[in-house]
Amino acid sequence: MKFLKFLSLSLFLFLAACGGYPIETNMSQEVANFNFTTQDNESLSLKDLEGEWWIADFIFTNCTTVCLPMTHNMSQLQSKLKEENLDVKLVSFSVDPEFDSPEVLKQYGESYEADFTNWNFLTGYDFDTIKELSIKSFKNLVVEPKEDDQVMHGTSFFLVSPEGEVIKNYSGVDATEIDSIVADLKELN
């Protein structure tokens, strides 16, 4: 019995030392430092999120396709997190910062009944800055619009550790993933 306890403790310490998590992960990317503007015209930086689990996505308010289900799903996720009493931050980065001012983002968030105490919509940078952050830190495609005003971008939700490491991505357009995200967060908290 003592041997099993010792073995369990050793395995736990080994996994902790190796950055192991009690959930299955599919990413390991450090998030680059950032300091952007929220829907309330306040600053939010990577340092502000330090010590917190957070979920990120990339959207824009003029999107006519994937952002609609993504933002709806993020809203549903926010509700589930409250039901489960999980303290997790949500961060939606705009990939159309030229149009998406703080005021536009605030109105957009309100239309999805966002609770801004833990869900921030970010802007206050140029397109190249958010494209670089998205691609390098999240391995998430972002392509400048050509003919129309539609930015092509990935549709994932990203789970970010308290140390600022992206450890997992989920489909942001598949509502069934909400339960997977919540289950993972319960394991991590």
Side-chain angles (χ1 to χ4, degrees), residues 26-27 29-46 48-49 54-81 88-116 118-160 164 166-182:
N26 58 17
M27 291 186 73
Q29 289 295 129
E30 291 299 316
V31 177
N33 196 26
F34 66 84
N35 189 0
F36 298 145
T37 304
T38 72
Q39 73 285 338
D40 292 320
N41 241 327
E42 295 174 350
S43 173
L44 184 74
S45 68
L46 180 62
D48 295 328
L49 295 166
W54 50 290
I55 302 288
D57 72 347
F58 294 81
I59 51 95
F60 63 108
T61 63
N62 278 336
C63 181
T64 58
T65 57
V66 296
C67 300
L68 303 169
M70 287 177 69
T71 308
H72 173 76
N73 289 342
M74 190 69 88
S75 177
Q76 295 303 305
L77 176 59
Q78 185 176 49
S79 295
K80 286 259 193 191
L81 293 171
V88 177
K89 303 296 183 203
L90 305 177
V91 179
S92 291
F93 295 92
S94 171
V95 294
D96 186 9
E98 192 172 308
F99 180 80
D100 287 341
S101 65
E103 297 76 23
V104 168
L105 289 172
K106 180 134 189 171
Q107 186 175 19
Y108 182 76
E110 287 170 345
S111 74
Y112 285 92
E113 299 179 0
D115 177 350
F116 298 122
N118 77 323
W119 186 1
N120 283 287
F121 293 79
L122 299 183
T123 190
Y125 37 78
D126 61 27
F127 181 81
D128 288 337
T129 299
I130 195 60
K131 178 180 176 181
E132 182 176 329
L133 179 75
S134 181
I135 292 170
K136 288 186 177 177
S137 293
F138 294 87
K139 301 299 180 202
N140 189 57
L141 175 72
V142 173
V143 178
E144 202 165 5
K146 301 281 187 246
E147 315 282 305
D148 57 15
D149 63 351
Q150 297 297 292
V151 179
M152 192 165 76
H153 61 91
T155 59
S156 293
F157 286 178
F158 300 93
L159 175 57
V160 185
V166 182
I167 65 166
K168 192 165 184 177
N169 68 43
Y170 310 81
S171 170
V173 294
D174 181 355
T176 63
E177 290 280 80
I178 294 168
D179 289 335
S180 298
I181 296 169
V182 170

Inset, instruction - Under the ring-ring contact (aromatic ring centres under 6.0 Å, His included) rule, collect the residues that match up with Tyr108, sequence neighbours excluded. - result: Tyr112
Legend entry - CD-CG distance between Glu132 and Asp126, expressed to the nearest 0.5 angstrom: 9.5 Å
Legend entry - Ser94 vs Asp96, side chain to side chain donor-acceptor pair (under 3.5 Å): CA-CA, chis, key distance, verdict: CA-CA 5 Å; Ser94 171; Asp96 186 9; 5.9 Å; no
Inset, instruction - Would you please say whether a donor-acceptor pair under 3.5 Å links the side chains of Thr64 and Gln150? - result: yes
Inset, instruction - Would you please say whether a donor-acceptor pair under 3.5 Å links the side chains of Asp115 and Gln78? - result: no
Legend entry - Audit row: Tyr125, Asp128, side-chain contact (heavy atoms from CB on, under 4.5 Å) steps and yes/no: CA-CA 8 Å; Tyr125 37 78; Asp128 288 337; over 6 Å; no
Legend entry - Inter-residue atom distance Leu105.CG - Phe99.CZ, 0.5 Å rounding: 9.5 Å
Legend entry - Nearest heavy-atom neighbours spanning Leu46 and Val31: CD2-O, 3.3 Å
Legend entry - Mutual orientation of the aromatic rings belonging to Phe93 and Trp54 [parallel < 30°, tilted 30-60°, perpendicular > 60°]: tilted
Inset, instruction - Using modelled atom types only, decide if a donor and an acceptor are shared between the side chain of Ser156 and the backbone of Asn169 within a distance under 3.5 Å. - result: no
Inset, instruction - Applying ring-ring contact (aromatic ring centres under 6.0 Å, His included), name anything that partners Phe157, two or more places apart in sequence or on another chain. - result: none
Inset, instruction - Give the C-alpha distance, both sets of side-chain angles, the deciding distance and a yes or no for ring-ring contact (aromatic ring centres under 6.0 Å, His included) between Phe158 and Tyr170. - result: CA-CA 6 Å; Phe158 300 93; Tyr170 310 81; 9.0 Å; no
Legend entry - Nearest-0.5 Å distance, NZ of residue Lys106 to CZ of residue Phe116: 5.5 Å
Legend entry - Heavy-atom pair of closest approach, residues Pro97 and Val95: CD-C, 3.3 Å
Legend entry - Nearest atoms (heavy-atom pairs only) where Ser92 meets Met74: OG-CE, 4.4 Å
Legend entry - Check: Phe34 and Thr129 side chains under 4.5 Å, non-hydrogen atoms: no
Legend entry - CG on Asn41 to CD on Glu103, rounded to 0.5 Å: 5.5 Å
Inset, instruction - Please determine, by modelled atom types, if Ser45 and Asn35 share a side-chain donor-acceptor pair under 3.5 angstrom. - result: no
Inset, instruction - Tell me, with the steps shown, if Leu49 and Val91 meet side-chain contact (heavy atoms from CB on, under 4.5 Å). - result: CA-CA 10 Å; Leu49 295 166; Val91 179; 4.1 Å; yes
Inset, instruction - I would like to know whether Phe127 and Glu98 meet side-chain contact (heavy atoms from CB on, under 4.5 Å); could you show each step before the answer? - result: CA-CA 8 Å; Phe127 181 81; Glu98 192 172 308; over 6 Å; no
Inset, instruction - Could you check Leu122 against Leu44 for side-chain contact (heavy atoms from CB on, under 4.5 Å), going step by step and ending with a plain yes or no? - result: CA-CA 8 Å; Leu122 299 183; Leu44 184 74; 3.9 Å; yes
Legend entry - Heavy-atom donor-acceptor pair, His153 side chain to Leu141 backbone, under 3.5 Å: no
Inset, instruction - Compute whether any side-chain donor of one residue and acceptor of the other, for Asp40 and Thr38, lie under 3.5 angstrom apart. - result: no
Legend entry - Exam field: side chain Gln29 to backbone Phe138, donor-acceptor pair closer than 3.5 Å: no
Inset, instruction - Kindly compute the distance separating NZ (Lys131) from NZ (Lys136), expressed to the nearest 0.5 Å. - result: 11.0 Å
Inset, instruction - Could you tell me whether Glu110 atom CD has more than 12 heavy atoms of other residues or ligands within 6.0 Å of it? - result: yes
Legend entry - Atom pair CD1 (Ile181) and CG (Leu77), whose distance is rounded to the nearest 0.5 Å: 5.0 Å
Legend entry - Sidechain-backbone polar pair: Ser134 side chain, Val142 backbone, donor-acceptor under 3.5 Å: no
Inset, instruction - Go through the side-chain N and O atoms of Gln39 and Asn120 and say whether any donor and acceptor fall under 3.5 Å apart. - result: yes
Inset, instruction - Report yes if some heavy atom in the side chain of Val160 is under 4.5 Å from a heavy atom in the side chain of Ile55; otherwise report no. - result: no
Inset, instruction - Please report the closest heavy-atom contact between Ser137 and Ala32, naming both atoms and the distance. - result: OG-N, 2.9 Å
Legend entry - Close side-chain approach of Lys139 to Met27, heavy-atom, < 4.5 Å: yes
Legend entry - Within-4.5 Å side-chain heavy-atom neighbours: Leu81 and Leu90: yes
Legend entry - Under 3.5 Å donor-acceptor, Thr123 side chain and Asp100 backbone: yes
Legend entry - Chi angles and distances behind the salt bridge (charged side-chain N to carboxylate O under 4.0 Å, His left out) call for Asp179, Lys80: CA-CA 8 Å; Asp179 289 335; Lys80 286 259 193 191; 3.3 Å; yes
Inset, instruction - State, yes or no, whether a side-chain contact exists between Ile135 and Asn140 at a heavy-atom distance under 4.5 Å. - result: no
Legend entry - Side-chain donor/acceptor of Thr71 to backbone N/O of Cys67, under 3.5 Å: yes
Inset, instruction - Using a 4.5 Å cut-off on heavy atoms from C-beta on, say whether the side chain of Val143 contacts that of Val151. - result: no
Legend entry - Thr37 side chain near Glu42 side chain, heavy-atom distance below 4.5 Å: no
